[in-house]
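Only one structure is covered here, and it is reproduced in the block below.
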Number of protein chains: 2
Amino acid sequence: MRSEDIAKLAGVSRSTVSRVINNYSNVPEATRAKVLRVIEQYQYEPNSFARALAGKRTDTIGLFAISMNEKENASRIYQNSYFAPIVDLVIDTANARGFYVLIHTVYSPEDFQKIKQAFLQKRIDGGILVGTQKDIELVRELVGQEAPLVIVDYDIAEIMAERLNKNHLAVINSMDYEGTVEAIEYLIGLGHREIGIIKGRMNTFSGRERYMAYENTLKRHGLPLVEDFILEGDFLKETAYREAARLASAGKLPSALFSSNDDMAISAMEAFAEHGISVPDDISLIGFDDIQLSARVSPKLTSVKLPIDDMAKAAVEKVIGLCNAEAPAFSTESFPTRLVIRDSCKPARD
Amino acid sequence: MRSEDIAKLAGVSRSTVSRVINNYSNVPEATRAKVLRVIEQYQYEPNSFARALAGKRTDTIGLFAISMNEKENASRIYQNSYFAPIVDLVIDTANARGFYVLIHTVYSPEDFQKIKQAFLQKRIDGGILVGTQKDIELVRELVGQEAPLVIVDYDIAEIMAERLNKNHLAVINSMDYEGTVEAIEYLIGLGHREIGIIKGRMNTFSGRERYMAYENTLKRHGLPLVEDFILEGDFLKETAYREAARLASAGKLPSALFSSNDDMAISAMEAFAEHGISVPDDISLIGFDDIQLSARVSPKLTSVKLPIDDMAKAAVEKVIGLCNAEAPAFSTESFPTRLVIRDSCKPARD
DNA sequence: CTGAAAGCGCTTACAG
DNA sequence: CTGAAAGCGCTTACAG
């Protein structure tokens, strides 16, 4: 069933059918009704490819989760407590706005081609990028496509420094720095003076922000930065488990530990438990992200809540906005975090 | 940049460019190389809509998660421990096979139109349906599209009874019946004689299977079906929490409880805890699905592992297979479950 | 208000 | 082996 068939059945031309479908104003009610009836009756749907080819939109937005440098099978998207909710929330939001979402994960540089292709092949009206690392080259390539693009968690300074036509670009961030400051000062308020950290991946914006906030806050309060208490991490469970176990075996513990995300905090908790170290009795522990699991482990994890809902929704709205805009303009939005106090921190013993 | 431009630059016709792109055999190595060089140089990608319109595939499969009759905002896909991993695994698998995945959730009958449209508009080569309820009408509509379709968790008997041309259809199931029998017999083996159940949604295939297996196994072992111990459920946390709390308040407990899924089992655990009822000391509890959370709650939940990985992968492979098949044929596959014994069950006191 | 026609960017018989 | 041409199913100036 093509528009031509509908036209014949309704006794009009394809042009008119098209006008009805696209809701043009210049077709009389009677004609519109006649055509609509036939469309209804035959359950006709215009071929989306033909429409797109003839210049219409695809009503599809792309969602690309970038997670290079994770080992094969190590952390597929579905076990990733950060990506998984974003993916789901983007789907929910976009669907509610009448858009399909086309998804592709990027685990390797080759996968990255797929996302470039999605733009180049005009499969999507615009795209959302999650998990981008400090890689301005990659961003430049994508921005170069001149299609609406929203990047979640990226260093705006780096983008501003570039000579890019970024009018079809938007960046969504969370206030990781402020959130971390709040977490650290909460620990300080509890009397802790030896505060360690499990670092996130330092080539992500949030990883750097969280670390810098930690370092600066300790300094500002005149507290020592103890090298042994600064654990390397990459936001992944495995590494955190290993590092926490190492710290536990070493014998000397900080009195509190800030973990750059909850996934790592929970792994650390498990490692500590296996070494007979109790949270929060022997060590206070605080995480970041407030993933669902955090409220269900025991002790329940105190964490800085990442407004992932708002961020995902904003990303979708932004990309749709850019698609519709006559004269799109660069914009950026940063969402506040919130400290969620549960049971994993205690006042310091003196 | 269009194929015509490439053709000019390479000094050949569009036909030849197309042949190179589609890897036809009848073009000499020299010509191919010449064309490829230009394509490379200009980063040319054929417009996917034009290709699709001219008869090529879309390299996209649809994934549709149906979850009608859940309240607005109640159980969005990302909090659904059953859908979330399927979505993620389907994405991972399809991407690895070079396919994009187009996703749409279905929370209302109106949303359902979107999935029909995706087929009708030829946005996808084929689709995967998850969460289909006992609704042959809906299935019939979709099967009527004559596009490759894979349904996860559906009653084959119901499909067989229909006069459908189902050659482009495949059904993926898990062995819920056998899995439940194993769970119940495990409880019986521990000496339990009063075994309750929290039912799943009875209009899903797995919901019915799990219940029937429960009922039949008790009967076969000459154990009583106690009405008070048969709790209504719908696979969702909230309902299970309420029902378990009611059971707890009622005073009289079964010695063991089978929950039709883990999500509900864990909620029941929380409800029991709040009533001072200890799992497994006061009541043994066993779940189904083996979601990630089950290994992390305390006590760790004994559960029947649903081979969700295998099912999701099989669904993708099946739909791709149907897309490629010369003469597609109906097929069905049922995956075995496995009892994962953890800490939530104890021998019955006598 | 409405139709004939050109065009979107490909693929694929067809003919040579 | 390769090109000219038709066709995929729409939309949209253009002309009336």
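Note on naming: letters A, B, ... go to the chains in the order of the sequence lines (proteins, then strands), and numbering restarts at 1 for each one.
A 4.5 Å side-chain heavy-atom check between B:V171 and B:F205 finds every atom pair outside the cut-off. Considering only heavy atoms from C-beta on, B:I172 comes within 4.5 Å of B:K318 through its side chain.
Residue B:T31 is in sugar-phosphate contact alone, with no base atom involved, counting any heavy-atom pair closer than 4.0 Å across all strands shown.
The partner of C:dA4 is absent, by the rule that a Watson-Crick or G-U pair needs both atom distances under 3.5 Å.
Taking the charged nitrogens against the carboxylate oxygens, A:R97 and A:E317 do have a contact shorter than 4.0 Å, which makes a salt bridge. Ionic pairing of A:R37 and A:E40 is not present here: no N-O contact between side-chain nitrogen and carboxylate oxygen is shorter than 4.0 angstrom.
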Q: Check the pair B:D5, B:K8 against salt bridge (Lys or Arg N to Asp or Glu O under 4.0 Å), reporting the backbone distance first and the verdict last.
A: CA-CA 5 Å; B:D5 303 320; B:K8 249 174 221 146; 5.2 Å; no
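Spacing between atom NZ of B:K8 and atom C1' of D:dG3 amounts to 15 Å, rounded to whole angstrom units. Atom CZ in A:F49 sits roughly 12 Å away from atom C1' in D:dG9 (whole-Å rounding).
D:dC1 and D:dA5: their P atoms are spaced 24 Å apart (whole Å).
No donor-acceptor pair under 3.5 Å is formed between the side chain of B:T60 and the backbone N or O of B:Y100.
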Q. When you check every protein heavy atom under 4.0 Å of nucleotides 10-16 of chain D, what one-letter string (B, S, -) results, 5' to 3'?
A. BBBB---
